[in-house]
Structure formats: C-alpha cells, structure tokens
Amino acid sequence: MATKVDTPDDWILVEQIRAGHHGAFRDLVRRYERQVAHLIYLSLGRPEDVEDLSQEVFLRVYHALPRLEPQRSLFSWIYRIASNVVIDEARRRKFRSMLSLDFLAAETGKDARGSTDDDPAVRTERSELHGTLQAAIRRLAPDQRVALLLREYEDLSYEEIAEVLQTSVPAVKSRLFRARQDLRSILGPMMESRT
Amino acid sequence: MNHPRPEDLSAYVDRTLPVSQVRSIADHVAACGPCREMVQGWESLRAAIRSVPVVEPEPWFAERMEAMVAGEEADVERWAGPERVAGRAVFGLAVIVLGLLLAMSFRQEATAPPVDRMFALGSGDSTTLLASSELTRENLLQATIVGE
Ligand SMILES: [Zn+2]
C-alpha cells in the first residue's frame with residue numbers, strides 16, 4: 001500500500017542501503033527521524049528516552065531491511081517497528097512504575113519544549129494541561145495509545161493505522177473509539193472545566 | 001431516538017466515514033444532545049492533544065546512526081573479511097588446541113578425582129546448598145512479583 005508519506009525514492013534508498021551505502025541509510029533516518037521521535041516522546045513522555053529508543057528503532061530497521069518485501073510501504077513498516085519498540089517499552093515501564101507509583105506524579109506538569117507564551121500564569125496552566133494530558137495518554141492501553149497518536153499527530157488514515165498495527169480497519173475504528181472514551185474518563189472533570 | 005454506534009461517532013470525528021453516513025450522522029448530532037456532547041468532547045480532546053508540544057530529534061542523529069552501522073559492519077568484516085583468512089586459521093587452531101587440552105583434563109579427572117572433590121560430592125552438601133540458594137532466588141522473585 002502506498003501512503004501519502006511514501007515517496008518513490010524510498011525504495012531507491014533501500015536498494016542503496018542493501019548495496020552497502022551507509023550514506024543512504026543516513027538519508028533514510030533523516031527522512032523519518034522526526035516522526036519516530038514524536039511517537040516515542042508522545043507515548044512515553046520523557047524527552048530523555050527519545051534518542052536511545054530512536055536509535056533502537058533505526059538499528060532494527062537497518063537489520064531488517066534485507067528481508068523487507070518491496071511492495072510494502074516503507075513508512076508504515078518503519079512506524080510498525082517504532083510502535084513495537086514503544087509498546088514494549090510502555091509495558092516494561094508500566095511494570096516498573098508499579099514499583100514506584102510516583103512515576104505519573106513526577107511526569108505530570110513536565111513540558112519538553114516549554115511554551116512560548118510570555119505570561120507565566122498562562123504558561124504554567126498550559127504546561128499543566130499538557131502534562132496531565134500526556135500522563136492520561138500514557139495510561140491508555142499501549143495499542144490504543146499508538147493508534148490515537150498515529151491518528152491525531154500523523155493524520156494517518158484508518159487503513160494506514162491498520163497496516164502499521166497489523167490489524168483490521170474495524171479494529172482500528174474500535175480502538176480509537178475506546179482510546180477516546182478511556183481518555184475522557186481518565187481526564188474526567190478536568191476537560192469539562194476547560195471546554 | 002436511535003443513536004449511531006459510538007464507533008461511528010468517533011469515526012465521524014475523524015472524518016473517515018462515507019459521505020452518505022456522514023450526512024445522516026450530522027443530522028442526528030444536530031438533533032441529539034447526548035451525541036452532540038460526545039462529539040464535541042472528542043473534538044476538544046483532539047484540539048488539546050494536538051497542542052501538546054513534541055521534541056525534535058537530536059541534531060546529527062542521522063549522522064551518528066550512519067557511523068554506528070558503518071562501525072558495526074567494520075567489526076563484522078574484521079572477523080569475516082576474505083583478507084582475514086590467516087587470522088581465522090590461527091583462531092581455529094587455537095580453538096582446536098584448547099579443545100584438546102580440555103579433553104585431556106577431563107580424562108584425568110575421570111581416572112583420578114582429587115580427594116577433596118570426592119568428599120564434597122559424596123556428602124550431598126553441595127546439592128543441598130544449590131537447592132536452597134535457588135529457593136531463595138525464587139522466593140525473592142515471588143516477593144517482587146507479589147510486591148508489584
Ligand atoms: Zn444520539
């Protein structure tokens with residue numbers, strides 16, 4: 001399946017990488033590093049994870065490239081690898097966060113880039129909203145979380161999300177619905193008071 | 001009033017429904033308070049999610065990945081490159097010699113075990129010790145899992 005993000009020279013890059021051109025791999029990384037970083041950061045919420053996990057994603061990409069079937073969408077395929085890394089890490093972290101329940105509390109209110117607003121009160125409020133939202137997103141089941149982020153941040157179609165998550169379109173539809181329902185019940189009155 | 005399925009309402013928010021379905025849901029949402037509230041709630045949730053700032057990749061990340069895979073391959077070639085045949089031959093010889101030495105030492109043990117080792121094997125202490133240490137490790141693991 002061709003996606004709107006796929007460009008014809010994705011496959012030229014793949015051929016060059018297979019032929020041993022490391023510069024082509026650099027170009028491939030450059031093409032998708034931003035999307036991968038977004039997915040990792042939004043799913044796990046810690047800027048310090050982005051580099052290590054991005055590295056893991058692209059190393060997996062590199063080692064799996066020789067076995068990649070040519071008809072596949074490269075973008076969906078890289079996203080699938082990134083999603084698997086993120087889902088594994090989220091599960092590991094949930095396991096760990098049960099040991100220290102202050103994880104969510106410590107993460108709430110954190111903001112990676114900060115706001116550009118000059119008013120400190122507005123900035124604090126926005127940063128709190130973002131922190132609370134991210135903490136709530138991280139409490140979703142990992143497959144729901146990834147589906148939601150692919151939809152809201154990357155604007156992928158249901159078909160593309162289904163390809164990334166190796167599932168059906170109806171499953172994506174119900175996953176997104178459940179993600180939204182769960183998010184609203186996690187956020188509860190906070191969202192109502194702000195809308 | 002027959003409400004649309006909630007999954008369809010969510011897909012309506014995503015604007016992924018066929019036109020015919022969009023029209024009937026839009027009409028329903030306009031007339032039905034609870035469905036309208038659900039749709040509006042999801043739309044403001046979407047706006048909030050999209051306003052969360054993201055991090056940018058580290059500068060020179062792509063260059064570092066390039067260097068990393070180039071380095072990995074250089075490591076592999078050091079062992080598998082055709083120009084390293086002599087090196088591999090030396091390595092292979094070393095493995096054979098080591099294997100022979102090991103085999104010889106085993107034969108020696110089989111024919112004449114040292115007295116202290118015979119004693120330890122016969123007493124059963126080592127077995128007990130092993131079992132109890134494994135039990136402790138298992139207990140610890142159990143405690144960790146229960147604790148979580
Ligand atoms: Zn209704």
Side-chain angles (χ1 to χ4, degrees), chain A residues 17 20 22-31 33-34 36-38 40-42 47 50-51 54-55 58-59 62-63 95-96 98-99 111-115 126 129-131 133-134 137 148-149 151-153 157-159 169-170 173-174 176-181 183-184 187 191-192 194-195, chain B residues 3-18 21 25 34-77 81 141 143-148:
Chain A
I17 296 166
H22 298 129
F25 181 61
R26 178 197 60 224
D27 293 344
L28 187 82
V29 172
R30 211 176 272 153
R31 190 169 291 176
E33 62 182 340
R34 182 160 285 111
V36 168
H38 288 181
I40 293 169
Y41 175 62
L42 292 166
V50 171
E51 190 173 3
S54 294
Q55 189 175 303
F58 283 108
L59 280 181
Y62 185 78
H63 292 299
F95 189 70
R96 259 192 277 142
M98 285 177 191
L99 290 174
D111 188 334
R113 215 169 41 181
S115 166
R126 186 165 305 164
L129 168 70
H130 291 154
L133 246 178
Q134 281 180 285
I137 289 172
L148 189 74
L149 295 176
R151 178 66 208 162
E152 301 297 24
Y153 265 93
S157 68
Y158 283 15
E159 287 77 13
V169 170
K173 198 171 167 183
S174 95
L176 284 170
F177 158 67
R178 280 186 289 117
R180 291 183 170 124
Q181 274 307 84
L183 255 192
R184 282 195 70 184
L187 291 164
M191 287 306 291
E192 260 77 73
R194 283 170 198 271
T195 53
Chain B
H3 303 287
R5 295 189 318 138
E7 287 92 336
D8 288 337
L9 277 180
S10 157
Y12 171 75
V13 171
D14 281 327
R15 289 157 187 87
T16 53
L17 290 175
Q21 217 178 344
I25 290 185
C35 286
R36 192 166 52 246
E37 198 208 328
M38 202 183 275
V39 166
Q40 283 170 350
W42 286 338
E43 267 164 1
S44 49
L45 187 64
R46 149 170 302 167
I49 292 174
R50 291 187 177 191
S51 76
V52 174
V54 291
V55 289
E56 290 302 311
E58 297 282 318
W60 310 112
F61 175 73
E63 283 73 12
R64 270 180 287 132
M65 287 308 302
E66 179 189 4
M68 200 175 286
V69 298
E72 259 184 23
E73 261 150 45
D75 281 348
V76 172
E77 274 164 24
L141 196 68
T144 324
I145 291 164
V146 170
E148 283 153 14

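By convention in this document, chain letters (A, B, ...) are assigned in the order of the sequence lines, proteins followed by strands, and residues within each chain are numbered from 1.
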Nearest 0.5 Å please: distance from the [atom1] atom of [X] over to the [atom2] atom of [Y].
X       : Y        : atom1 : atom2 : value
B:Glu66 : A:Phe58  : CD    : CZ    : 13.5 Å
A:His63 : B:Glu72  : NE2   : CD    : 3.5 Å
A:Phe25 : B:Met68  : CZ    : CE    : 9.0 Å
B:Ser51 : A:His130 : OG    : NE2   : 3.0 Å
A:Arg26 : B:Met65  : CZ    : CE    : 13.0 Å
B:Arg64 : A:Glu51  : CZ    : CD    : 4.0 Å

Give the member of A:His38, A:Gln181, A:Arg30, A:Arg151 that has the highest number of heavy-atom pairs under 4.5 Å with chain B. A:Arg151

A:Arg180 and side chain to side chain contact (heavy atoms under 4.5 Å, CB included): which single residue from B:Asp14, B:Ile49, B:Leu9 fits? B:Asp14

Need one label for A:Leu59: side chain, backbone, both or neither, based on atoms under 4.5 Å from any heavy atom in chain B. both

Residue, of B:Ala67, B:Ala11, B:Ala47, that accumulates the most heavy atom pairs under 4.5 Å with chain A: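 Most heavy-atom pairs under 4.5 Å with chain A: B:Ala11.
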
Please find the pair of heavy atoms, one from [X] and one from [Y], that lie closest to each other, and give the distance.
X       : Y        : result
B:Val55 : A:Pro47  : CG1-CB, 3.8 Å
B:Trp42 : A:Arg184 : CD1-CD, 3.6 Å
A:Tyr41 : B:Val54  : CD2-CA, 3.9 Å
A:Ser54 : B:Phe61  : CB-CZ, 3.4 Å
B:Ser10 : A:Leu176 : OG-C, 4.1 Å

Heavy-atom donor-acceptor pair, B:Arg46 side chain to A:Glu152 backbone, under 3.5 Å: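 Looks like no, no N/O pair under 3.5 Å.
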
Side chain proximity check, A:Lys173 to B:Asp8, heavy atoms < 4.5 angstrom: yes

Closer than 4.0 angstrom, basic N to acidic O: yes or no for A:Arg178 and B:Glu7? no

